[in-house]
Amino acid sequence: MEKIVISWFQEHQRDLPWRKTQDPYCIWVSEIMLQQTQVIRVIDYYERFLQQFPTIQLLATAPQSQLLKAWEGLGYYSRVRNMQQAAQIIMIEHHGVFPQTYSEIIALPGIGTYTAGAILACAFQQAYPAVDGNVLRVMSRMQADFSDISKPATKKMWEQYLAELMTTENPSAFNQGLIEIGALICTPTNPRCDQCPLHSQCQAVIHDYQDELPIKASKKPAKIYYYETFLLTDGDRIAIIENRQKGVLQHLWSLPQYQVENHDENQADITKIVKKNFHSTQEATYFGIYRHVFSHQIWWMRVWLVHVNVLPTPITGAFINQVDFLDYPMANSHRKIVKAFWGEIPLQVAEDIKKYK
DNA sequence: CATACGTGGGA
DNA sequence: TTCCCAAGTAT
C-alpha cells in the first residue's frame, strides 16, 4: 500500500504553497492553520502570515494583538497563541532551531500527534504517521473497520498501525498522499472509488460498505446563550473591550454584552443594565438582533445603541473610530454588528430571522 | 474520555 | 433549515 500511495501522490497532488518548501517553520505554520480548517481557507492566511512573521524569532517577539489580527477569521484562536508560546520555547530551549525529535516536537504547545508526525515527515523525512480526519476515514474504509473514528482510541490504533507499516522511503509523500486521497477521492459522501488507487485492496469496496463507513458519533447540540449587547457611541467612535476571561474568543475584542435568561424583558430592564454598567441615564435604542453560531455555542445578541460622549468609566477598553478599529482583532460575532453600525453591511432586525423566539 | 474551542460552505 | 464537515489539541 505504501508504494501505491506515494506514487499516486507524486502524480496527482494539488499545487499548494506549503508543498514548495521543506522549511520546518513554514510546514509548522501550515499544519497549525490546517487544523480543523479547510485548505481553501488557509492559503491566503498562510502567505500573509509568513510575509508578516517570516522567522521563528519574529513570531516569538511579535505583539500578541498583531498575531491575533493575522489570525482573525480563521477561528480557534488559541492556535496562534500556542504557536507564539512554542516559538518562544524554541528560541530559548532550542537556540532558535526547530527541534527534530518526536519527543521535543510534541512537547511544544499546540502540537499533538498529528502535527508532530506531519512536521517530522514533511520537514525531516522521518517515518512518523500523520493521522487526521481524512486518514481515519480512508483507513476505516480500507479495512472495513467499524470503530467510532471520533474516539481517541481509534486514532491511536491507526497511528500504531501506520507507524509499523511506514518505511523511510518517502514519509512525506505517504502521509500527504493518504490525506490527499481522503480529501479528493475517499470523500465523506459520494467517494470516487473508481478513481482510487487503493480500490483493489479496499475492504469497503469489496463489501460495498462505502456509504456505511466511517462510523462517527454525532456531535452534541450547541448551547444557546442570550445577550444584551451594546454599541456605546458618540456618533464617531464605539466602545470595545478585550475578552480577558477564559473561554471563547480569549484576547479578542468585543462589544460589551451581558448574558440574560432570554429576550422577553421590557425596555426598563435594558435601562437598568445601562445604568448599572455604564452609569448612564441615556435611553437605549433598539438596533437589531443577531445570531452567531459557533461549533458548540449559539449566541442571540439583542443590540442596543447608547449615546455617550466619552468612554464610561466602568468600561476598561478602547473608544475607537472606524479607522483605528481595523487594528483590533475581533471575532466575526461582533465584527458583523460593528460593520452594520458603520453602514458597511445591512443591519439585521428580529423579523429577518424566522426562527427567532 | 468528553468537552471546549471558530468559521463558512455544502447537501 | 439543519446538520455535517475541514490537514486537531488541551484539559
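Throughout, protein chains are lettered first and strands after them, A, B, ... in sequence-line order, and every chain is numbered starting at 1.
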NA contact type, [X], heavy-atom cut-off 4.0 Å: base, sugar-phosphate, or nothing?
| X | result |
| --- | --- |
| K246(A) | nothing |
| I111(A) | sugar-phosphate |
| W299(A) | nothing |
| G73(A) | sugar-phosphate |
| S30(A) | nothing |
| I106(A) | nothing |
| A130(A) | nothing |
| I40(A) | nothing |
| V42(A) | nothing |
| V39(A) | base |

For [N], does either OP1 or OP2 sit under 4.0 Å from a side-chain N or O belonging to [X]?
| X | N | value |
| --- | --- | --- |
| K216(A) | dC4(C) | no |
| H292(A) | dT7(B) | yes |
| Y76(A) | dA4(B) | no |
| N332(A) | dT7(B) | no |
| K223(A) | dA4(B) | yes |
| H296(A) | dC5(B) | yes |
| R137(A) | dA6(C) | yes |
| K155(A) | dT9(C) | yes |
| Q36(A) | dT7(B) | no |

Side chain of [X] (C-beta onward), nearest among [options]:
| X | options | answer |
| --- | --- | --- |
| K219(A) | dG6(B), dC5(C), dG8(C) | dC5(C) |
| S295(A) | dT3(B), dA7(C), dC5(B) | dC5(B) |
| L249(A) | dC5(B), dT9(C), dG6(B) | dG6(B) |
| E31(A) | dA7(C), dC5(B), dC4(C) | dA7(C) |
| R291(A) | dG6(B), dT1(C), dC5(C) | dT1(C) |
| P188(A) | dC5(C), dG9(B), dT7(B) | dC5(C) |

Reading DNA chain C from 5' onward, which residue's closest nucleotide shows up sooner: N82(A) or R14(A)?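 Per heavy-atom nearest nucleotide, the more 5' residue is R14(A).
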Using whole Å, report how far [atom1] of [X] lies from [atom2] of [N].
| X | N | atom1 | atom2 | value |
| --- | --- | --- | --- | --- |
| I185(A) | dA7(C) | CD1 | P | 14 Å |
| K220(A) | dC5(B) | NZ | P | 15 Å |
| L108(A) | dT9(C) | CG | P | 12 Å |
| R81(A) | dG8(C) | CZ | P | 19 Å |
| W71(A) | dC5(B) | CH2 | P | 18 Å |
| I27(A) | dA7(C) | CD1 | P | 17 Å |
| E159(A) | dT9(C) | CD | C1' | 12 Å |
| I215(A) | dC4(C) | CD1 | P | 14 Å |

Return the 5'-most residue of the pair K151(A), S78(A) with respect to DNA chain B, ranking by each residue's nearest nucleotide.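 Going by which nucleotide is closer to the 5' end, it is K151(A).
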Quick check on DNA chain B: between T189(A) and Q250(A), whose nearest nucleotide comes earlier from the 5' end?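 Its nucleotide being nearer the 5' end, the pick is Q250(A).
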Distance flag, aromatic centroids of F294(A) and W299(A), threshold under 6.0 Å: yes
Report yes if a donor N or O on one partner sits less than 3.5 Å from an acceptor N or O on the other, where the partners are the side chain of T115(A) and the base of dG8(C); otherwise report no.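 For T115(A), whose side chain was compared with the base of dG8(C), there is no donor-acceptor pair (under 3.5 Å).
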Using 30° and 60° as the class boundaries, would you call the ring planes of F53(A) and F49(A) parallel, tilted or perpendicular?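 Tilted, since the angle between the ring planes falls between 30° and 60°.
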Assess, by modelled atom type and distance only, whether the side chains of [X] and [Y] contain a donor and an acceptor separated by less than 3.5 Å.
| X | Y | answer |
| --- | --- | --- |
| Q176(A) | R19(A) | yes |
| H307(A) | E283(A) | no |
| S140(A) | D145(A) | no |

[atom1]-based separation of [M] from [N] [nearest Å]:
| N | M | atom1 | answer |
| --- | --- | --- | --- |
| dA6(C) | dC1(B) | C1' | 23 Å |
| dC4(C) | dT3(B) | P | 15 Å |
| dA11(B) | dA7(C) | P | 15 Å |

Under 4.0 Å between a Lys/Arg side-chain N and an Asp/Glu carboxylate O for K156(A) and E159(A)? no
Cation over ring, R79(A) on Y76(A), under 6.0 Å and within 45°?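 Relative to the ring axis of Y76(A), which defines the angle, R79(A) lies outside at least one limit.
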Compare all side-chain heavy atoms of L68(A) with those of Y77(A) and state whether any distance is below 4.5 angstrom.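 Touching, per the 4.5 Å side-chain cut-off.
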